[in-house]
Amino acid sequence: MRLDDLAGKRGLVTGAGTGIGAAVAKALAQQGVAVAVHYNTSEAAAMKLLAEIRDSGGKAVALQGDIAKRGGARKLVEEAAASLGGLDILINNAGSLVSRTPFEQAGDDLIDAVVDLNLRSVIEACQAAIAHLERRPGGVIINVGSIAAIDGGGPGSGLYASAKAFVHNLTRHLARDLAAKGIRVNTVSPGVINTRFHAATPPERMEAMRRSVHLGRIGEPEDCAGAFLFLASSQMSGYITGQNIHVNGGQYMP
């Protein structure tokens, strides 16, 4: 389905070199959105995605940056807006478990790493994007949450789950706070998705999670893309803000 209202828009997807971010960036480009593909260490993957988008007639730029560093996300937003000639869509996708560590063993370095990447970067990016998004009514922020924010997360993922719960609540606050500026803010919360996020997850744990999914399979990044397109499009979701769309194959049903 062609979403005509997305054509000509400008969007930034953080953590778009691989996984869900890459699938979303590609899907947006196919709808005519000029996309800023952000990456930190996945340069080869980001360049491959950039080539794929351009070869298919889409518009995209690749921007490198460590948004876990203070000021990194603000700088990225400004670079994206400058590169694209403005910004209409911000998708805060970058995130990581960092390390699967029992809660009582989590030290200051791990706490800082989880908070800075999964939480601080989202705050910074949203703050920086507001001035750009409000210039064109209909600006959109989509934060990426997690099923872990609802159930507390699996073994060793308590910090990540808690950071994502913060993001869920931040979405609600921003939806209220920014509505008068014409900015809609929503969350997409994936379940178990086949990305490098789970590269270190033990096979027995993955199988246990698969069995908990009522559709009977682990999700793929492309399974998430439709929810982002829906929320990015005012044609499809112009009266939706402050909501959380769960994409998990029925693993969790709110």
| message | Assess whether a salt bridge exists between Asp66 and Lys75, defined as any Lys/Arg side-chain N lying under 4.0 Å from an Asp/Glu carboxylate O. | response | no

| N-O pairing of Glu78 and Arg74 below 4.0 Å | no

Would you name the heavy atoms of [X] and [Y] that are closest together and state the gap between them?
X	Y	value
Ile141	Cys126	CG2-SG, 3.9 Å
Ala149	Ala165	CB-N, 3.4 Å
Val140	Leu133	O-CD1, 4.0 Å

If only side-chain N and O atoms count, and only distance matters, is there a donor-acceptor pair under 3.5 Å linking [Y] with [X]?
X	Y	answer
Asn40	Gln64	yes
Ser99	Thr101	yes
Asn143	Thr187	no

| Shared hydrophobic cluster for Leu159 and Ile67 (ILVMFWY, side-chain gaps under 4.5 Å) | yes

| query | If two hydrophobic side chains count as joined below 4.5 Å and joins carry through other members, does Leu12 share a cluster with Leu174? | reply | yes

| note | Partner of Asp88 under side chain to side chain donor-acceptor pair (under 3.5 Å), picked from Arg10, Lys9, His132, is Arg10

| Asp5 (side chain) donor-acceptor with Gln235 (main chain) under 3.5 angstrom | yes

